[in-house]
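Positions are given from 1, in the same order as the sequence printed here.
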Amino acid sequence: MLNWLDAVPLPVLVLFAIFLGLAPFYPEPHLVEKTRMLFQGTLRRPIDIFDLFWHLLPIALLALKLVRMYRPG
């Protein structure tokens with residue numbers, strides 16, 4: 001089911017995770033802003049929730065790929 005993820009080169013996922021995790025670079029990354037909003041309880045607008053999901057997606061894909069690469073069997 002996740003064979004497509006196995007085909008994606010690891011460096012591409014790392015760059016994608018870094019780029020979207022830190023974008024926009026100024027004034028502060030969305031991931032930092034949206035995480036702060038989540039912990040403060042102000043993450044309510046659908047666009048903010050989508051933004052958090054969008055910026056976390058490459059990090060989640062990278063983690064999933066690493067788990068699939070290093071799991072025994």
Side-chain angles (χ1 to χ4, degrees):
M1 182 164 110
L2 292 174
N3 293 335
W4 63 269
L5 186 57
D6 296 334
V8 177
L10 186 61
V12 170
L13 269 180
V14 169
L15 288 174
F16 192 50
I18 290 171
F19 180 73
L20 269 182
L22 296 176
F25 303 103
Y26 181 82
E28 75 177 339
H30 275 3
L31 194 54
V32 172
E33 176 188 4
K34 303 306 178 190
T35 304
R36 185 179 322 113
M37 289 173 67
L38 179 66
F39 287 120
Q40 291 174 347
T42 58
L43 188 72
R44 294 201 167 102
R45 295 182 351 187
I47 189 69
D48 292 332
I49 295 167
F50 175 77
D51 219 12
L52 178 63
F53 172 76
W54 180 250
H55 287 276
L56 280 176
L57 181 63
I59 297 168
L61 289 175
L62 177 62
L64 185 59
K65 181 170 180 78
L66 290 173
V67 166
R68 288 177 58 84
M69 284 175 57
Y70 294 111
R71 71 173 181 204

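In terms of the salt bridge (Lys or Arg N to Asp or Glu O under 4.0 Å) criterion, R44 has no residue partners (sequence neighbours excluded). Residues that satisfy the side-chain contact (heavy atoms from CB on, under 4.5 Å) test with R68, not counting sequence neighbours, are L2, N3, L5, D6, L64, R71. Annotation: side-chain contact (heavy atoms from CB on, under 4.5 Å) contacts of F16 (sequence neighbours excluded): L20, P58. Take L15 and apply the side-chain contact (heavy atoms from CB on, under 4.5 Å) test, not counting sequence neighbours, and it matches no residue. Shown here are the salt bridge (Lys or Arg N to Asp or Glu O under 4.0 Å) partners of K34, two or more places apart in sequence or in another chain: D48, D51. Listed by chain and number, the residues in a side-chain contact (heavy atoms from CB on, under 4.5 Å) with Y26 amount to none (sequence neighbours excluded).
For residues 52-63, there are no salt bridge (charged side-chain N to carboxylate O under 4.0 Å, His left out) pairs, not counting sequence neighbours. Residue pairs meeting the salt bridge (charged side-chain N to carboxylate O under 4.0 Å, His left out) criterion with at least one partner in residues 11-32, sequence neighbours excluded, are E28-R36. Among residues at least two apart or in separate chains, there is no salt bridge (charged side-chain N to carboxylate O under 4.0 Å, His left out) pair with a member in residues 54-65.
In the hydrophobic clustering of ILVMFWY residues, with side-chain heavy atoms under 4.5 Å counting as a link, V67 and V14 come out apart. Under the 4.5 Å side-chain heavy-atom criterion for ILVMFWY residues, a single connected hydrophobic cluster contains both F19 and L22.
In this structure, CG on L66 lies 8.5 Å from CG on L13, to the nearest 0.5 angstrom.
F39 forms part of no hydrophobic cluster, judged by ILVMFWY side-chain heavy-atom separations under 4.5 Å. Members clustered with L38: L31, M37, L43, I49, L52, L56, I59, by chain and number, using a 4.5 Å side-chain heavy-atom cutoff among hydrophobic residues.
The environment of Y70 atom OH is sparse: at most 12 non-hydrogen atoms of other residues, nucleotides or ligands sit within 6.0 angstrom.
Taking the six-membered ring for Trp and thresholds of 30 and 60 degrees, F50 and W54 have nearly parallel ring planes, at less than 30 degrees apart.
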